[in-house]
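So the structure is just underneath, and the comments pick up after that.
The basis for the numbers below is simple: all heavy atoms, side chains too, and nothing from hydrogens, waters or symmetry mates.
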Protein chains: 2
Amino acid sequence: MTVLEQMGAQAKAASQQIAALSDDLRNDVLKAMAVALQDNEEAIIEANQADLAHAEGLSAPMRNRLTVDSAVLQGIATSLAAVATLPDPLAGPYESWEHQSGFEIVKKIVPLGVVAMVYEARPNVTVDAAALSIKSGNAVILRGGKEAIRTNVALAIVLRTVLELKGLNPNIVQLIEDTSHESVNELLGMRKYVDVLIPRGSRGFIDFVVKNASVPVIETGAGNTHIFVDDSAKQKEAIQVIVNAKTSKPAVCNSAEKLLIHEAIAADFLPAVASALIEKGVELRGDQIAQSIDSRINKASDEDWDTEYNDLIMAIKIVRNVDQAIDWVNEHTTHHSETILSENKEHVADFMNQVDAAVVYQNVSSRFTDGFEFGFGAEIGISTQKLHARGPMGLPALTTIKYEVFGDGQVRQ
Amino acid sequence: MTVLEQMGAQAKAASQQIAALSDDLRNDVLKAMAVALQDNEEAIIEANQADLAHAEGLSAPMRNRLTVDSAVLQGIATSLAAVATLPDPLAGPYESWEHQSGFEIVKKIVPLGVVAMVYEARPNVTVDAAALSIKSGNAVILRGGKEAIRTNVALAIVLRTVLELKGLNPNIVQLIEDTSHESVNELLGMRKYVDVLIPRGSRGFIDFVVKNASVPVIETGAGNTHIFVDDSAKQKEAIQVIVNAKTSKPAVCNSAEKLLIHEAIAADFLPAVASALIEKGVELRGDQIAQSIDSRINKASDEDWDTEYNDLIMAIKIVRNVDQAIDWVNEHTTHHSETILSENKEHVADFMNQVDAAVVYQNVSSRFTDGFEFGFGAEIGISTQKLHARGPMGLPALTTIKYEVFGDGQVRQ
């Protein structure tokens, strides 16, 4: 057995224990973990300082995500404690029914078993993923980025110590300390032990995981999201929504990346929206028609149309009508969030029905694609796939069903 | 574009049309297809005769599955018409709620889009898969085995002609006529066009698909299913259940393959159950203890414990207690159906909670793991995975959700 296989076997064994725990006991563990993280602030911040000292080459936003100071740790602990207040995702009442021959079928909600999470240099994911897994009765295997390894080790020690102090198997939470690519590759093939793997990171990384994994995967997050401005749109409102969707948090997956404008309004609307975006520091790129209307727009390459910038850049295309907009979106979408700004009911209905995305908006900023905003209380990620979970995922995404059948000797004719 | 990519693009285009059709119109199509299959009986049976003439090497059960005579075709048509009577899997009412800022979120049920089905020499699957896809608003790409290719072509012509006569896109149903391995391999990578691929066939084939597919897959069917006979079991009833689970239809996935017997009752129970099984023509294999109790039992190899025989063979192992039975089952299960025969509530609860399978039975034959028996009205397959669908799958397994959001200019702070 390799080190990872051993961790997998330990996780499977531990998953039975956490699955059998009552919601009250799972919540006790989470609350104790929140306290313990704050009690161990010094050790955690010291480990984080060491990570930061080794990560001189990181960009400012990456460095920012990696940093755990007292305020950040407080936030992590608060989020963890908040998970304890959510409704039990395993709670009944379960559906049940009787077969004509007299036996009873019960459709139970059960944990998936072992959740694996692969992510980059964001130590808060270590705690979030552990908390959501425990709340849903799963064991978790964490594989964070190498830049955060010292912080993650420090956090995992605290979480595992709490499990031990509660008389539980510490392997309910395990951290893979090997941050080489090989450890990810091995994890992708561990079908015997891993019930679901959730990758969080760049689109390239998630594509790599999907193509190479034989374990079940939930794809998350890639968001090449479009806004189509119909000829019937309220233009002032449209500009507000576009500016919000593009600039309020450009690094996240629910930010807008592409703008499609109906040709009938382009001559007036494009310069107006361009001015508003440029004022917020957005670089504009566009097709030939867009460029001919507004000279502040740079030329977009073919590649632009499939690129998630995660930055203050937006590409603009002029389209003939809603049908062309729908076709364009379906060709380039990452199936995350897509928006139509329109007052025309038929156009809205066509866009809603035909665009193939988890969330489709009329006259609302796509920045709302988020588990908390959707009222789910927690977010494990945003699924861009159609099977099992789609869009913002709350705790139920970490559960499955199981049929239990109780009889007294029934046989099939 | 390759031939298959073209089919994929055509399926995507056609999927929009079928998704937009009302349940009444989808049902009309299905009923017309049922009539058309019977109207074209001669051409279909002739094609099938040609397949049978080319398939001299096939085993008798395979030949039986391949054969389409008048009675079989009648059955296929009846099943197809029956799908039209099922409730609409896309029907509302949908959940919906309002965000505090005033926009409405609607959680809609929508078709997956393009369903691909890969299967062996069973022409009925061609029609079943098309019917279930149409009923759930999906386009379908069919890839059947080479032995049935002429029959499948004949069936697909009838189904596509009905679509055309109804003024619909015939590419709602497409059959891949290239029966080489290459066509399967290409299909496994067609992420742009295939929303779900459902493989039906041997465990080896399904494992190959899972390991090599980058399209989303629902694993089906592999059933290395166990029966554990506890020391508290009603022994006469136990023998009836075991004989039914093993011998009533040995070639199917919900048949029992392995028998675990509590050591406290083995000396009496094993010879009794062995006699009942041998009388039904079952070859028995077993571990050393089983062999020492009953000399009619052949030696089981290590490989036996992980083999789905799909035949009149059963391997028997003596276990110390329910805990050892649970561990053994979890080590060798294909996560399909597992059974405990017991009157001891604690043992039953432990087995139910800890065994990791889609369906867990107490005192019932596992032959009931079936969409029709579970009351789902249709069966697309039996999922042995945990994500999206688990156990017998009805029409909802071919749907997903989509969030539609309607507002009037809301932006996120």
Can you say whether B/Asn254 sits under 4.5 Å from chain A via the side chain, the backbone, both, or neither, judging by heavy atoms?
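Only the side chain of B/Asn254 comes within 4.5 Å of chain A.
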Between [X] and [Y], does any side-chain donor sit less than 3.5 Å from a side-chain acceptor?
X        : Y        : answer
A/Arg367 : A/Ser248 : yes
A/Ser337 : A/Ser366 : no
A/His336 : A/Thr334 : no
A/His99  : A/Ser101 : yes
A/Ser383 : A/Arg390 : no

Most chain B-contacting option - heavy-atom pairs closer than 4.5 Å, from [options]:
options                                : value
A/Gln354, A/Glu219, A/Met352           : A/Met352
A/Thr400, A/Val215, A/Asn330           : A/Thr400
A/Lys236, A/Gln410, A/Lys402           : A/Lys402
A/Lys211, A/Glu331, A/Glu343           : A/Glu331
A/Val217, A/Ile340, A/Asp207, A/Val355 : A/Val355
A/Lys386, A/Lys108, A/Gln413           : A/Lys386

For each of [options], tally heavy-atom pairs with chain A at distances under 4.5 Å, and name the one with the top tally.
options                      : answer
B/Thr399, B/Val110, B/Asp370 : B/Asp370
B/Gly375, B/Gly407, B/Ala238 : B/Gly407
B/Val348, B/Val405, B/Leu341 : B/Val405

Kindly say whether [Y] contributes a backbone atom to a donor-acceptor pair with the side chain of [X] at under 3.5 angstrom?
X        : Y        : value
A/His388 : B/His388 : yes
A/Asp195 : A/Val114 : yes
A/Asn353 : A/Ala349 : yes

Give, as side chain, backbone, both or neither, the part of [X] having an atom under 4.5 angstrom from any heavy atom of chain B.
X        : answer
A/Lys249 : neither
A/Val196 : side chain
A/Leu112 : both
A/Glu237 : side chain
A/Lys192 : side chain
A/Ala389 : neither
A/Val243 : neither
A/Gln385 : neither

Quick one: does B/Ser232's side chain get under 4.5 Å of B/Ser342's, heavy atoms only?
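With C-beta onward as the side chain, the pair touches.
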Side-chain contact test, heavy atoms from C-beta onward, threshold under 4.5 Å: evaluate it for B/Phe374 versus A/Tyr403 and give yes or no.
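Yes, their side chains come closer than 4.5 Å.
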Close aromatic pair by centroid cut-off 6.0 Å: A/Tyr361 and B/Phe406
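Ring centroids of A/Tyr361 and B/Phe406 are no less than 6.0 Å from each other.
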